[in-house]
Amino acid sequence: MINSHPHSHKKSEPPTEPISKEEALYLALSKIPKGKVITYGDLATLAGRPGAARWAGTMLKRLPKDTTLPWHRVINSHGTLSLREYTHRIELQRARLQEEGILFKGDKIPLSIYRW
DNA sequence: TGAAGGGCCGGTC
DNA sequence: CGACCGGCCCTTC
């Protein structure tokens, strides 16, 4: 079996395979404690992409509807929810957050208290 | 190839 | 507070 991999001259990978940015985001997301929230910007930074808040939002939007990841704990830097009003989705987010003990002050969540 | 538009953000007024 | 702006980064025509 000589030379069975003619293209195997690719550089060997480091022992600990670096996870992709997407995986880093999912990982960070999974760590947000119940009763806490994080902003899109902070989530992006944790995923290794400072300044890519919009990207974080895009990724969250693509999560399967039945994901177990706590997508509802991600809010914008104003402390409000970014989903479209009057949709099932935003109602679900609000309900889940309240279930976790978060108290809204009007339409916003005090980041000084609940920010992770 | 490029322009438009998103689950955004920080500064400024 | 609210509105606007420039910047950010990616996806979708």
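Naming convention: chains lettered A, B, ... in sequence-line order (proteins, then strands); numbering from 1 in each chain.
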Pairwise 5' ranking along DNA chain B for A:W55 and A:D42, keeping only the more 5' one: A:W55
Short N-O contact, A:E100 and A:R73, less than 4.0 angstrom: yes
Pairing of A:R62 and A:E22 as salt bridge, 4.0 angstrom limit: no
Integer-rounded Å distance: B:dG7 C1' and A:I90 CD1: 9 Å
Integer angstrom distance from the C1' of B:dT1 to that of C:dC13: 12 Å
From A:L29 atom CG to A:L46 atom CG, the distance as rounded to the nearest 0.5 Å: 10.5 Å
Distance, nearest 0.5 Å, that separates CD1 of A:I19 from NZ of A:K21: 10.0 Å
Separation of the P atoms in C:dG7 and B:dG7, to the nearest angstrom: 23 Å
Distance (rounded to the nearest 0.5 Å) between A:D42 CG and A:W116 CH2: 9.5 Å
Full working for side chain to side chain contact (heavy atoms under 4.5 Å, CB included) between A:I109 and A:T80: CA-CA 6 Å; A:I109 294 172; A:T80 61; over 6 Å; no
N or O in side chain of A:R49 less than 4.0 angstrom from C:dC10 OP1/OP2: yes
Below 4.0 Å: OP1/OP2 of B:dG10 and any side-chain N or O of A:S77: yes
Atom-to-atom span, CG of A:L25 to P of C:dC9 - whole angstrom: 15 Å
Distance (rounded to the nearest 0.5 Å) between A:I75 CD1 and A:L97 CG: 7.5 Å
Any A:T39 side-chain N or O less than 4.0 Å from OP1/OP2 of B:dC8: no
Donor/acceptor link under 3.5 angstrom from A:R54 side chain onto base of C:dC9: no
Close residues, residues 59-76 of chain A, relative to DNA chain C [heavy-atom separation under 4.0 Å]: A:R62
Give every pair of a protein N or O atom and an N or O atom of nucleotides 11-13 of chain B that lie under 3.5 Å apart, one pair per line with the distance.
none

Pairing stems for DNA chain C [at least three consecutive pairs; Watson-Crick or G-U; under 3.5 angstrom]: B:2-6 with C:9-13, B:8-13 with C:2-7
From OH (A:Y114) to CZ (A:F104), nearest 0.5 Å: 9.5 Å
Atom-pair distance (CG on A:L43; C1' on B:dC9), nearest Å: 14 Å
Where A:L111 and A:S77 come nearest, the two heavy atoms and their spacing: CD1-O, 3.3 Å
Rounded interatomic separation in angstrom, taking CG from A:L111 and C1' from B:dG10: 14 Å
Minimum-distance nucleotide to A:L83 side chain [options: B:dG7, B:dC9, C:dC9]: B:dG7
Hydrophobic cluster membership, A:I38 vs A:L92, 4.5 Å side-chain cutoff: yes
A:R96 (side chain) donor-acceptor with A:H72 (main chain) under 3.5 angstrom: no
Rounded interatomic separation in angstrom, taking CG from A:L92 and P from B:dG7: 17 Å
Co-membership, hydrophobic cluster, residues A:W55 and A:L27, 4.5 Å side-chain: no
Interatomic distance, A:D107 CG vs C:dC1 C1' [rounded to whole Å]: 12 Å
